[in-house]
Amino acid sequence: MPGTNLTREEAQQRASVVSTGTYDVALDLTIGDERFGSVTTLRFEATPGSSTFVDLVDADISAITLNGTSIDPALYAESRIPIEDLAAENELVVEATLPYSHSGEGLHRFVDPADGKVYLYTQFEVPDARRVFTTFEQPDLKAEFTFHVTAPAHWQVVSNSPSPEPVVEGEHGTWHFPETKRMSTYITALVAGDYEVVRDTYSGEYGDIPLGVFCRQSLVEHLDADDIFLITKQGFAFFEGAFEMAYPFGKYDQLFVPEYNMGAMENAGCVTFRDEMIFRSRQTVAAYEGRANTILHEMAHMWFGDLVTMKWWDDLWLNESFAEFAAHHSSVEATRFTDAWTGFTNARKNWAYRQDQLPSTHPIAADNYDLHAVEANFDGITYAKGASTLKQLVAWVGEKDFFAGLRAYFAKHAYGNTTLQDLLTELEASSGRELGSWSQEWLQTSGVNTLRATFEVDGDGAFTSFAVEQSAHPDYPTLRRHRIAIGLYDLVDGRLVRRERIETDVRGERTEITELVDHRQPDLILLNDDDLTYAKIRLDERSFDTLLGHIASFEDSLPRALAWGAAWDMTRDAELKGSDFVALVLAGVGTETDLTAVASLLRQGSSAVNLYTAEADRPPLAEQWESGLSGLLDAAEPGSDHQLALARAYAAAASTPEKVQSLLDGALEGLTVDTDLRWTLLTALARIDAVGEAEIAAELERDNTISGQEHAAAARAIRPDAEAKAAAWRAVAVEKSTPNETRRQTALAFQVSGQGDLLEPYVDAYLQMAETIIEEQGVWIGQVALVYLFPLANPSARTLEKVDTWLESTQSGPAAKRYVLEGRDDLARALRAQSQ
Ligand SMILES: [Zn+2]
């Protein structure tokens, strides 16, 4: 039975008999708080006499009419309405009501606890437009859409087309939107409610684009629309120039919405973002850089994804990797975030390397044979490895030819659907390079290569030979062609300065680099300098010694990012002791200029202590980490980003309440104790049982917002208290009614290092829950529970044994098994590192 699934084969079959024309969708948002009305009129062409089906999930259908003849609504089953004996031209009308969603999928409805205002938004990717209207839910059946929305007359109602003036009758209004451009169902959208809006206009080479930024009324005081518009305009100037093509969808609204499951979504002309990106408390520059990156990512999708769309989800990676590549590239070229690729190296690539070394790894071009497979693949490979590989492709064909190929691709396929091959064809034409074998070795295979330098040096310290050796995990033996740079760095007056950079192709097990023969051995050799390729790198002994003493001495942030990455990677691979990594972080984090690196190093340092260090060695290292952070915090410049980042990290490491309490009392000069930092500090106190339910409830009274509720839920879940743990467990893994972001924040706070005894019962409970949760609660809730509640925080051989026993005997489906297997790999890795 299909349930809500749809296979690629079914989609192909349907596209072979049907081609869509237009949807006319009337939605009534005034019939109550639980459900809304949905009437779809779908006009389409078909092979005469053929049969197929349309999609609709969870509907209560009152009438179905096909070409004037009614169809019995009782035939609606398994989220499908069968339609038979089609004519050449068809008109299908489906009248139904559907439930509002509280999981962030379909039409989500939210009531703001701060003021009781109502906010709605849709989220349709991958297959959820069918939770709002009747569809052919597959990306290659593009159509034009006309929406009519009836809602309270004072609301803002926004969709892909410009919002018209509503036709008002009493308290209600109806917005008759103009027809959209031709697009896929998954990028259509509706946002409605008591939203506030700020408007502006981008005036560029191809004319004006009306801009809007929307958020909840209770967030308006924190909305910095100027910065959002600045990045938006810089983005349009860059993309319209680079693509030599006007923005295709008329106006451009960006809507910051509550309880959003993802970062953002590229609905054509109607982009939704999680509203945590409206910062209500002080954030470091990394948060602004991240938000700019997200704005640019979604904007890039307007051309790549929305204008030209993948035929099926097999090319999801290409869609996402391109947007990720384009976001970083345009950040560097067009905004103040000129070191954006450093942030990519410091955060996104570590995500990719981790994912690619899990037993669940898969080729970038995954075989997404059905919707369930697609949903599991929104991962570090699809996004970050794909983007790294695209960056490598740009290095391989050259930036100029890459963009020339893109322009030809957009011009040729505008408003259509494509596969990877269509892009490769244009890139081969523009670059003159054959890309079939490149695509085969990079996109169709799994795993990450490791590169290391080997060389010999004569009596004068000059290289007599130099080679790059490449290796691969035996399970994924593909050795690839890599375009890389090699940097030679010397210590000059206390700075690590690049003396020389060469760019070269590496292939096979060993590549001789004759260019470097006779060159003097530097203090540090950096493979993959400038981060052109995707590979783990190892440092030779002398380079590593230089690094240990001088990581803070690199002149630029990008080589330092590569060095940090190598050190972290070696720690995870049990080649570097956790204590050495901690010492390295404490030596370098205070002067690290990339705030994305600061945040991830502080997280990694904590993991090095709690996961990658043997139990017997942990107490002194934990003390060193805590006091090191305390010292760095005291030394940080008052009011600086470092001070804020270190205060958060110190709070997470603190084992006694005094200093945390004094921070909370505002005792540290320059550290503004605002709403979110108060929660961070209070949560630290809750973790060590210095405050309890009464203090958490009092704090929630001060901050009775949805963010406050989420913070309070996390503070409760982190407490070393059996009842609090039991309640948190129920909220995440049992109760259906927990709001989605509250569930996630609770789950994130549940597993705590040092609470091993208290958490012991939740090893068995986890494995029992894993057996059924996806079937009972669906993929989204199941994923949150299975990923964040995995018993990793207190690694033990006993837990590993139990997990292995479960894996041998489980009856659960492939998705649950995948998440448990990934947690198992992290656990085994931690135990390996601990035993070194
Ligand atoms: Zn994207």
Side-chain angles (χ1 to χ4, degrees), residues 8 11-12 14-16 18-22 45 125-126 136-145 160 179-188 206 236 238-250 266-269 297-327 329-330 364-365 368 374 382 386-387 389-390 393-394 397 399-436 438-439 443:
R8 181 173 53 208
Q12 283 166 351
R14 184 158 66 178
S16 73
V18 162
S19 58
T20 32
T22 63
E45 295 175 7
E125 193 180 21
V126 175
F136 292 121
E137 194 69 74
Q138 58 190 82
D140 58 338
L141 288 176
K142 287 191 172 184
E144 283 100 29
F145 297 82
N160 308 94
E179 188 176 72
T180 67
K181 294 275 177 58
R182 193 168 173 75
M183 62 179 69
S184 304
T185 52
Y186 81 96
I187 54 163
T188 62
Y206 296 91
F236 274 124
F238 178 80
F239 288 126
E240 287 196 333
F243 300 158
E244 293 178 8
M245 183 182 263
Y247 164 67
F249 297 107
E266 68 268 24
N267 312 308
H297 176 115
E298 306 311 329
M299 192 183 288
H301 274 312
M302 295 300 128
W303 287 266
F304 204 109
D306 290 5
L307 177 68
V308 182
T309 311
M310 69 215 139
K311 203 176 180 69
W312 177 250
W313 301 99
D314 290 324
D315 284 321
L316 172 68
W317 77 271
L318 184 58
N319 197 20
E320 293 309 339
S321 301
F322 179 82
E324 184 143 343
F325 166 81
H329 184 69
S330 58
I364 293 174
N368 285 329
V374 184
T382 294
T389 302
L390 217 51
L393 177 62
V394 176
V397 300
E399 190 179 307
K400 208 170 128 266
D401 291 342
F402 180 77
F403 276 93
L406 272 180
R407 288 191 286 271
Y409 173 78
F410 292 140
K412 191 162 161 184
H413 299 289
Y415 301 105
N417 291 85
T418 55
T419 63
L420 168 65
Q421 189 51 50
D422 295 310
L423 178 64
L424 294 180
T425 299
E426 300 309 322
L427 294 177
E428 285 185 333
S430 65
S431 70
R433 287 191 91 142
E434 180 275 329
L435 295 173
W438 181 91
S439 159
L443 305 176

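Along the sequence shown, the residues carry numbers beginning at 1.
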Using modelled atom types and a 3.5 Å cut-off, is there a donor and acceptor pairing between side-chain atoms of [X] and backbone atoms of [Y]?
X: Thr180; Y: Phe145; result: yes
X: Lys181; Y: Pro248; result: yes
X: Arg407; Y: Met245; result: no
X: Asp422; Y: Thr419; result: yes
X: Asn160; Y: Ile187; result: yes

[atom1] of [X] to [atom2] of [Y]: how many Å apart, nearest 0.5 Å?
X: His301; Y: Asn267; atom1: NE2; atom2: CG; answer: 10.5 Å
X: Asp401; Y: Leu427; atom1: CG; atom2: CG; answer: 9.0 Å
X: Lys400; Y: Ser431; atom1: NZ; atom2: OG; answer: 11.5 Å
X: Asn417; Y: Lys311; atom1: CG; atom2: NZ; answer: 6.5 Å
X: Ser184; Y: Phe136; atom1: OG; atom2: CZ; answer: 14.0 Å
X: Leu318; Y: Thr382; atom1: CG; atom2: OG1; answer: 11.0 Å

Qualifying residues under side chain to side chain contact (heavy atoms under 4.5 Å, CB included), relative to Ser19, sequence neighbours excluded:
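Result, side chain to side chain contact (heavy atoms under 4.5 Å, CB included) vs Ser19: Glu45.
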Where do [X] and [Y] come nearest, in terms of heavy atoms and distance?
X: Ala143; Y: Gly21; result: CB-O, 3.3 Å
X: Asn368; Y: Asp314; result: N-OD1, 3.0 Å
X: Pro139; Y: Thr309; result: CB-CG2, 4.2 Å
X: Ala323; Y: Ala300; result: CA-CB, 4.2 Å
X: Thr22; Y: Glu179; result: CG2-OE2, 3.9 Å

Are the side chains of [Y] and [X] in contact, using a 4.5 Å heavy-atom criterion?
X: Glu426; Y: Lys412; answer: yes
X: Leu393; Y: Leu435; answer: yes
X: Phe403; Y: Val394; answer: no
X: Thr188; Y: Met183; answer: yes
X: Met302; Y: Leu307; answer: no
X: Leu406; Y: Leu423; answer: yes
X: Phe402; Y: His329; answer: no
X: Gln138; Y: Arg14; answer: yes

Quick check: are there more than 12 heavy atoms from other residues, nucleotides or ligands sitting under 6.0 Å from NZ of Lys142?
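Counting neighbours around NZ of Lys142, more than 12 heavy atoms of other residues, nucleotides or ligands fall under 6.0 Å, so yes.
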Measure up the Phe410 and Phe322 rings against each other and bin them: parallel (under 30°), tilted (30 to 60°), perpendicular (over 60°).
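Aromatic pair Phe410/Phe322 classed perpendicular.
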Assess, by modelled atom type and distance only, whether the side chains of [X] and [Y] contain a donor and an acceptor separated by less than 3.5 Å.
X: Glu137; Y: Thr185; value: yes
X: Thr418; Y: Tyr409; value: yes
X: Glu266; Y: His297; value: no

Decide side chain to side chain contact (heavy atoms under 4.5 Å, CB included) for Glu125 and Leu316; before the verdict, give the C-alpha distance in whole Å, the side-chain angles of both, and the deciding distance to 0.1 Å.
CA-CA 11 Å; Glu125 193 180 21; Leu316 172 68; 3.9 Å; yes
Determine, step by step, whether Leu424 and Ser439 satisfy the side chain to side chain contact (heavy atoms under 4.5 Å, CB included) criterion, reporting the C-alpha distance in whole Å, the side-chain angles of both residues, the deciding distance to 0.1 Å, and the verdict.
CA-CA 9 Å; Leu424 294 180; Ser439 159; 3.8 Å; yes
Check: [X] ring centroid to [Y] ring centroid under 6.0 Å:
X: Tyr186; Y: Trp313; answer: yes
X: Phe304; Y: Phe243; answer: no
X: Tyr247; Y: Tyr206; answer: no

Is Glu428 paired with Arg433 through a side-chain N to carboxylate O contact shorter than 4.0 Å?
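Looking at Arg433 and Glu428, the cut-off is not met.
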